[in-house]
Trainee: 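Below is a structure I'd like to ask you about.
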Amino acid sequence: MATAVPAERDAVARAFPEPGRDVPLPGAVVHRLPAGPDLLAAGVGPASAAAATAAALTAAALAGTPYGLVVSAGIAGGFAPAAPVGSLVVADEITAADLGAETADGFLPVTELGFGTVTHRPPPALVGDAAAAAGAAVGPVLTVSTVTGTAARAAALRARHPRALAEAMEGFGVAEAAAAHGTPVLEVRAVSNPVGPRDRAAWRIGDALTALTGAFGKLAPVLESWRQT
Ligand SMILES: O=C(O)c1cccc(C(=O)CC[C@H]2O[C@@H](n3cnc4c(=O)[nH]cnc43)[C@H](O)[C@@H]2O)c1
């Protein structure tokens, strides 16, 4: 389970009965729960998330105990009205929304430049089971390197990704690390703020962290029992 910051990691940990311990690894510190998943505060942004997630995946593989699933979890901005503050989102697509080139005719994703990947798709059956268990909406979660701060930027993202429900900064990095290991990925987000004009007073980080704890209390059996078929 990869979050950005320790506050998100600890919110997920509160869904599990017993406290864990930190296990230092080369390039990452995994918080190991006795009766739950390994948790990783991987850092803010796609690069840090990818690096730390890859380190944890590699350490597990070299130890002969490879992970069966990687989950990117945390708070996110929600695209109103589909994803209001306090709601939960499970990604059916994890998309890098600003990986490409700005041109006179608008943004071109790297895939239209002839290389790379911009979208990872979690296993549909797992997405459905997770969303049903958590009472979450299902749709694309965008990964950005810059938090949207204007209505114009929000509108531009919605125009390019009309189904998008949320915006965060780590999912695509986590998904790239998982893909390099052939490991399925899931992204679960609790909405802390609306995507749009920067208004720090509108952020409800505490409420979102509480929603994240509640979500993983319901998700735990789904994630534990899920095996790639
Ligand atoms: O603009 C601010 O002053 C501000 C206040 C609180 C938090 C931030 C962040 O940049 C948080 C980024 C962090 O949280 C995730 N997140 C939450 N909401 C969003 C969003 O609307 N767009 C992108 N990322 C968001 C993200 O995954 C990071 O881990 C800024």
Side-chain angles (χ1 to χ4, degrees), residues 2 4 42-54 70-85 87-124 127 131 136-203 208:
V44 173
S48 180
T53 302
V70 182
V71 181
S72 174
I75 65 175
F79 286 95
V85 172
S87 67
L88 294 162
V89 174
V90 172
D92 62 1
E93 292 179 6
I94 301 171
T95 294
D98 52 13
L99 182 58
E102 197 61 57
T103 78
D105 301 321
F107 176 79
L108 285 180
V110 286
T111 45
E112 292 187 31
L113 301 175
F115 49 89
T117 301
V118 293
T119 293
H120 290 281
R121 290 177 175 80
V127 170
V138 174
V141 175
L142 307 183
T143 297
V144 297
S145 291
T146 303
V147 174
T148 291
T150 64
R153 176 64 178 161
L157 286 173
R158 275 309 287 268
R160 281 210 306 270
H161 305 279
R163 291 198 314 119
L165 293 182
E167 169 190 288
M169 299 177 76
E170 295 79 29
F172 186 78
V174 171
E176 284 279 81
H181 282 258
T183 304
V185 66
L186 189 70
E187 184 168 12
V188 180
R189 292 282 173 173
V191 176
S192 53
N193 59 281
V195 174
R198 186 168 185 250
D199 174 8
R200 297 179 71 171
W203 289 64

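Side chains are part of it too, since the values below use all heavy atoms of this structure and drop only hydrogens, waters and symmetry mates.
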Trainee: Who pairs with Thr148 by side-chain hydrogen bond (donor to acceptor under 3.5 Å, both in side chains), at least two apart in sequence or on another chain?
Mentor: Glu167

Trainee: Can you name the residues that form a side-chain contact (heavy atoms from CB on, under 4.5 Å) with Ser48, not counting sequence neighbours?
Mentor: none

Trainee: What pair of heavy atoms forms the shortest contact from Pro46 to Val144, and how long is it?
Mentor: CD-O, 4.1 Å

Trainee: I'd like to check the side-chain hydrogen bond (donor to acceptor under 3.5 Å, both in side chains) partners of His161; sequence neighbours left out, ordered by chain and number.
Mentor: none

Trainee: Excluding sequence neighbours, so at least two apart, what forms side-chain contact (heavy atoms from CB on, under 4.5 Å) with Pro123?
Mentor: Leu126, Pro184, Trp226

Trainee: Supply the atom-to-atom distance Phe172 CZ to Glu187 CD, rounded to the nearest 0.5 angstrom.
Mentor: 11.5 Å

Trainee: List the atom of Gly171, the atom of Thr143, and the distance in Å for their closest heavy-atom pair.
Mentor: N-OG1, 3.5 Å

Trainee: Given Ser72, which of Val141, Val188, Val174 fulfils the side chain to side chain contact (heavy atoms under 4.5 Å, CB included) condition?
Mentor: Val174

Trainee: Determine the minimum heavy-atom distance between Ala2 and Thr53, stating which atoms define it.
Mentor: CB-OG1, 3.8 Å

Trainee: When rounded to the nearest 0.5 angstrom, what distance separates CD1 in Ile75 from CZ in Arg189?
Mentor: 8.0 Å

Trainee: Pair up each side-chain donor or acceptor in residues 91-99 with any protein partner under 3.5 Å, not counting sequence neighbours, and list the distances.
Mentor:
unit_1: Asp92; atom_1: OD1; unit_2: Arg163; atom_2: NH2; d: 3.3
unit_1: Asp92; atom_1: OD2; unit_2: Arg163; atom_2: NH1; d: 3.0
unit_1: Asp92; atom_1: OD2; unit_2: Arg163; atom_2: NH2; d: 3.3
unit_1: Glu93; atom_1: OE2; unit_2: Arg163; atom_2: NH2; d: 3.3
unit_1: Thr95; atom_1: OG1; unit_2: Thr119; atom_2: OG1; d: 2.8
unit_1: Asp98; atom_1: OD2; unit_2: Ser145; atom_2: N; d: 2.9

Trainee: Considering residues at least two apart in sequence or located in another chain, which fulfil the side-chain contact (heavy atoms from CB on, under 4.5 Å) criterion with Ala4?
Mentor: Glu8, Val44, Glu170

Trainee: Would you check if the side chain of Ser192 reaches a backbone N or O of Ala76 as a donor-acceptor pair within less than 3.5 Å?
Mentor: yes

Trainee: Quick check: closest heavy atoms across Val191 and Ala83, and the distance to 0.1 Å?
Mentor: CG1-O, 3.7 Å

Trainee: Of all the heavy-atom pairs spanning Leu113 and Ala101, show the shortest one and how long it is.
Mentor: CD1-CB, 3.8 Å

Trainee: Considering non-hydrogen atoms only, spot the tightest contact between Gly116 and Thr111 and give its length.
Mentor: O-CG2, 3.6 Å

